[in-house]
Every structure is written in structure tokens, then in C-alpha cells.
Amino acid sequence: MKYDYLIVGSGLYGAVFAYEMKKRGKKCLVIDKRKHIGGNIYCEDVDGIHVHKYGAHIFHTSNKKVWDYINQFAEFNNYINSPIAKYKDELYNLPFNMNTFSKMWGISTPKEAQEMIKNQIADLNITEPKNLEEQALSLVGKDVYEKLIKGYTEKQWGRDCKELPSFIIKRLPLRFTYDNNYFNDRYQGIPIGGYTKIIEKMLEGTPVELGISYKEFLAKNGKIFDKVLYTGMIDEYYDYKLGVLEYRSVRFEEERIEEENYQGNAVVNYTEREVPYTRVIEHKHFEFGTQPFTIISREYSSEWKKGDEPYYPINNEKNNALYEEYKALAEQENDVIFGGRLGNYKYYDMDKVIEAALNKVDEIGA
Ligand code: UDP
């Protein structure tokens, strides 16, 4: 065998795995069907602005081990994510905090905010939230739900909030302090130099073949490796034989604008249903850029179909049950490991991807 591992996919999971395996003396080859490395954290340098080509990525974690790990590959800046939500002509701070509530209701104390929420949901009698709508209502009340959550979520997921799992909304902090930090995590930032550099460093010394799919590689080379780490879609690996898992895809409309500061913030969410995009990213603000021009991306969310890029697994009961069936097949494989957002069908953040990859390497015990 020419290689110990064929690593399919050069995203964060694949790159961490490659780095760790190389360190352990294993011979790896990384392939990617795209023409570049990095998967969805890939950034393109456009005249000094790192454009997040597959959506904004803000690194955040509470896991010191993961933070120290990623800091081997880059220094991080002190960016703190504080998105703005735009509902019609009203602007609100996110995540849901005293600034949001004060603007929404003209109140100023945590007690008043909690009273408002309590009154707004008193007649709903939600004891155990069964879906995203109930979860959101019970946390923040009707006004915030209707203005800042319902429209955005239905655009983002293409489904009614009653059909979505509640955990999606629990990703966002809710706090009764005047704190606009979108994350509760201890560590946060954007890598100075961009994400692609991190992946380049992780893959240093490991051969990479781009623009080739797993199937094409096999057809061309045969099985010249001992084992496979597969970070593509698990259902695709099995030719969808048990059924098709659902994903959301995203289309980015990128525009260069000859002005210094377009929207005054890296992330502006458009929470009303009628605006067709979910959010507008102004990339330079992730790195406090001072260029005389700017680049923005409007995000349009759509249902994934074969041939599209998958971004978000839709972890509702139906899909999770189907994934469990694929996982059972995967567990019978001796030579194939599945990893990453697509291989594990999980709405992983970057820190969780690193954690999962490191755990996998430990588990293999190479
Ligand atoms: N969300 C919302 N309104 C917002 C921002 C987020 O209702 O203005 C909900 C929405 O359902 C979204 C979820 O919170 O899918 C998670 O948001 P997050 O920002 O974590 O999503 P990501 O950045 O991963 O797309």
C-alpha cells in the first residue's frame, strides 16, 4: 500500500486528522473534489480582504485544549461577534440581551424584561418545548420570536418553526445583561492571515490532490491505501441506498463596493420573511480592515439537491433516524472512518470539529 490513509476532504476535520497522523508517522494523501483546500472555511484574499467564500466563520470555543491547539497554526485577533438584526426599519442587537429587549419594549431593567416575556407567554402554557417555535417563545416571548426569529429561521431552514428541533435556537445565548457578544465561549477570534493559512500549515508535508472525487480517485488509482477517512456526505458514500439525508445549501452573492464601510458591522441579519436573503456579511470587519473599498456577501438559503454544496444538516427526527441507519453501516466498516459535519451529519461548529478529529485520532491510537 502506498498510503496508510486516504483522506477524502481537506476541510478542518480532514486537515487536523492529516496533521495528527503525519505526526504519528503515517503516510497520508489528501484529496478534495474542489479546486482548493479548506472545505467551507476556505477564504480568498481579495486585495487584502479575506473573503469567507462559504459563509462567515468565527472561531469560538470554551475548550482550552482546542484553543491551544488551533493557536499552534495561527494567531487570533480580538474580534467579538455582535450581529445586528434588521427587521423592516428596526435595528436590534443580537444575541437576545438587554439591548434587544430595551429597544423592543422601551424598558431598562432585567426584571422588566423578564416580566414582559412572562406576560407574553402566559397563555401558551409551554412546559416542555417540543420544537423550535415553542422553545423560542418560551425563552424570549412573542415579540422577539415574531420579529427576530420566525422569518429568519423559516428562510434559513425552509421549514416551519414547528417542524424544527429546538436545539437550533439554543445555539444562541439569551442573557439579561447589556452584552452583545454572540457567543458565551471563553475564547473567540478570527485567525490573522485567514483560515486557509491554517489548513495550509496543517497539511504541510502531506500530498494533496485537488479537483478529484473519491470515486474518480478509486477508478484512476485503485485501492492504494490502507484506510480511508471520509469527510463527505455519508449518504452519498453509500450511494443513497437507504434514502437521501436532507441538507440546506447556501448561495452567496458577492459584491465589491467602492466605499469604505457599507454596513458598519461584519454581520447584519435580515429577519423579516420578505427580504430574500438571510444575512449580509461585510468581510473586512472581521479583521478591522481599513481598505478604501469593501466586499459583501448576501446569503440565500435553499434546499439542497444532488449537485449542490451541502452546508447544514437538517437534524430533525426523520433525518436523524436515517442517519442512524447509515451510521450502523459505517460501524461495520473496518477500513473507513467518517468525520466532519457531512460524515457525521452533525451541525458542528469548528471547535467541535477539531475536538471530534482529535478524539478520533486518540481512539484509533496510532
Ligand atoms: N436565528 C434567528 N434569528 C437570527 C439569528 C439566528 O432566528 O437573527 C436562529 C435561526 O434559526 C438560526 C439559528 O438561530 O438557524 C442559529 O443561528 P446561528 O447564527 O448559530 O447560525 P449559523 O451561523 O450556524 O448559520
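Values below: all heavy atoms of this structure, side chains included; hydrogens, waters and symmetry mates excluded. All ligand and atom numbering here is 1-based and tracks the order in the structure. We number each residue from 1, following the sequence as shown.
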If you have a sec, work out which protein heavy atom is nearest [atom] and how many Å separate them, to one decimal?
| atom | answer |
| --- | --- |
| atom 15 (O) of ligand 1 | W157 NE1, 2.8 Å |
| atom 10 (C) of ligand 1 | T153 OG1, 3.3 Å |
| atom 25 (O) of ligand 1 | Y312 OH, 2.5 Å |
| atom 21 (O) of ligand 1 | Y347 OH, 3.1 Å |
| atom 9 (C) of ligand 1 | I169 CD1, 3.6 Å |
| atom 18 (P) of ligand 1 | Y182 OH, 3.5 Å |
| atom 1 (N) of ligand 1 | Y152 CD2, 3.7 Å |
| atom 20 (O) of ligand 1 | R171 NE, 2.9 Å |

task = Quick one: do H283 and S297 satisfy side-chain contact (heavy atoms from CB on, under 4.5 Å)? Show the steps, please.
result = CA-CA 8 Å; H283 302 270; S297 300; 2.7 Å; yes
inquiry  = Between the side chains of E260 and K284, is the shortest nitrogen-to-carboxylate-oxygen separation below 4.0 Å, so that they form an ion pair?
reply    = no
inquiry  = Determine whether I149 and L132 satisfy the following criterion, side-chain contact (heavy atoms from CB on, under 4.5 Å), listing intermediate values before the conclusion.
reply    = CA-CA 10 Å; I149 298 177; L132 194 153; 4.1 Å; yes
message = Minimum heavy-atom separation for P95 and D179, please, with both atom names.
response = CD-O, 4.4 Å
[X] neighbourhood, listing ligand 1 atoms whose heavy-atom distance to it stays under 4.0 Å:
| X | result |
| --- | --- |
| Q156 | 15 (O) |
| T271 | 8 (O) |
| I149 | 7 (O) |
| L94 | 8 (O) |
| I168 | 11 (O), 13 (C), 15 (O), 16 (C) |
| L172 | 1 (N), 6 (C), 14 (O), 17 (O), 20 (O) |
| N269 | 4 (C), 5 (C), 8 (O) |

ask   = What do you reckon, does R279 put a non-hydrogen atom under 4.0 Å from ligand 1?
value = yes
ask   = Is there a side-chain contact between F59 and V66 (heavy atoms, below 4.5 Å)?
value = yes
key: Heavy-atom check, side chain of Y214 versus side chain of V228, under 4.5 Å   = yes
ask   = Strictly by modelled atom types, are R175 and N184 linked by a side-chain donor-acceptor pair under 3.5 Å?
value = yes
query = For R248, which of E299, E309, E303 qualifies under salt bridge (Lys or Arg N to Asp or Glu O under 4.0 Å)?
reply = E303
key: Parallel, tilted or perpendicular, as decided by the 30° and 60° cut-offs, for the rings of Y311 and Y54   = tilted
